[in-house]
Amino acid sequence: QVQMVESGGGLVQPGGSLRLSCAPSVRPFNSFTTGWFRQAPGKEREFVARISWDGRTTAYADSVKGRFTVSRDNTKNTVYLQMNSLKPEDTAIYYCARPRGLYADIAASEYTYWGQGTQVTVSS
């Protein structure tokens, strides 16, 4: 069973930065799209960003475009989400996920394997 493992969350002040990491519990990793999602209390899980298996194609939610950057290092079996200019509304549990197949777009239903999530809190 594939398990995704997120790390890097924490408490940060508005305007600050965090970098989240995501690694799978089993290989291979570098043949699949990886997505980032988030869920705030009382809200639906929403798409944040995704990256193709080779890192050449990315997509972002409008709410994070220009502030967040998704990247991957397949030699380290890790996908990153660099989050800059954080706002209180970015507060949520952040999840990384992988589809059963090779490709997925922005719908959470397209992703099969999920991590437990990492908490990001933006507050002064």
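This structure is a prediction, so every number in the text was calculated from the model and none was measured. Just the heavy atoms: all of them, side chains too, but no hydrogens, waters or symmetry mates, feed the values below.
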Check whether Val64 and Leu86 end up in the same hydrophobic cluster, where Ile, Leu, Val, Met, Phe, Trp and Tyr are linked by side-chain heavy atoms less than 4.5 Å apart. yes
Is a side-chain N or O of Arg98 found less than 3.5 angstrom from the main chain of Thr34, in a donor-acceptor match? no
Begin from the C-alpha positions of Val122 and Glu89 and carry the test side-chain contact (heavy atoms from CB on, under 4.5 Å) through to its verdict. CA-CA 8 Å; Val122 184; Glu89 50 264 43; over 6 Å; no
What residue pairs, at least two apart or across chains, pass side-chain hydrogen bond (donor to acceptor under 3.5 Å, both in side chains) with a residue in residues 6-22? Ser17-Asn84
How many angstroms lie between CG in Leu102 and CZ in Phe32, if you round to the nearest 0.5 Å? 6.0 Å
Begin with the C-alpha distance, continue with both residues' side-chain angles, and end with the deciding distance and a verdict on side-chain contact (heavy atoms from CB on, under 4.5 Å) for Val120 and Thr91. CA-CA 5 Å; Val120 172; Thr91 296; 5.9 Å; no
For the residue pair Pro88 and Ser123, establish whether any side-chain heavy-atom pair is separated by less than 4.5 Å. no
A cation-pi test, strictly: NZ or CZ of Arg45 under 6.0 Å from the centre of the six-membered ring of Trp114 and no more than 45 degrees from its axis. Yes or no? yes
On a heavy-atom basis, which atom in Trp36 and which in Cys22 lie closest, and how many Å separate them? CZ2-CB, 3.5 Å
Transitively linked via ILVMFWY side-chain contacts under 4.5 Å: Leu18 with Ile93? no
Just by distance, do the side chain of Ser109 and the backbone of Ala107 share a donor-acceptor pair under 3.5 Å? no
Heavy-atom count around Lys43 NZ within 6.0 Å, excluding the residue itself: above 12? no
Under 3.5 Å, side chain of Thr112 to main-chain N/O of Arg100, donor-acceptor pair present? yes
May I ask you to decide if the ring planes of Tyr111 and Phe37 are parallel, tilted or perpendicular, using 30° and 60° as cut-offs? perpendicular
side-chain contact (heavy atoms from CB on, under 4.5 Å) for Gln3 and Gln116? Distances and angles first, verdict last. CA-CA 9 Å; Gln3 178 74 32; Gln116 295 298 310; 3.6 Å; yes
Note, Arg50 side chain near Thr58 side chain (heavy atom, < 4.5 Å): no
Linking I/L/V/M/F/W/Y whenever their side-chain heavy atoms sit closer than 4.5 Å, directly or via other members, would Leu20 and Ile51 fall into one cluster? yes
Quick check: is Tyr95 connected to Val79 through a chain of hydrophobic side chains (ILVMFWY, heavy atoms under 4.5 Å apart)? no
Let's go through Val48 and Tyr60 carefully: what are the C-alpha distance in whole Å and the side-chain angles of both, what is the deciding distance for side-chain contact (heavy atoms from CB on, under 4.5 Å) to 0.1 Å, and is it a yes or a no? CA-CA 6 Å; Val48 175; Tyr60 297 92; over 6 Å; no
Could you check whether Lys87 pairs with Asp90 (Lys NZ or Arg NE/NH1/NH2 to Asp/Glu carboxylate O, under 4.0 Å)? no
Glu46: partners by side-chain hydrogen bond (donor to acceptor under 3.5 Å, both in side chains), with sequence neighbours left out: Arg38
Would you compute the distance between atom CZ of Phe68 and atom CG of Leu81 and round it to the nearest 0.5 angstrom? 6.0 Å
NZ or CZ of Arg72 within 45° of Tyr80 ring axis and under 6.0 Å: no
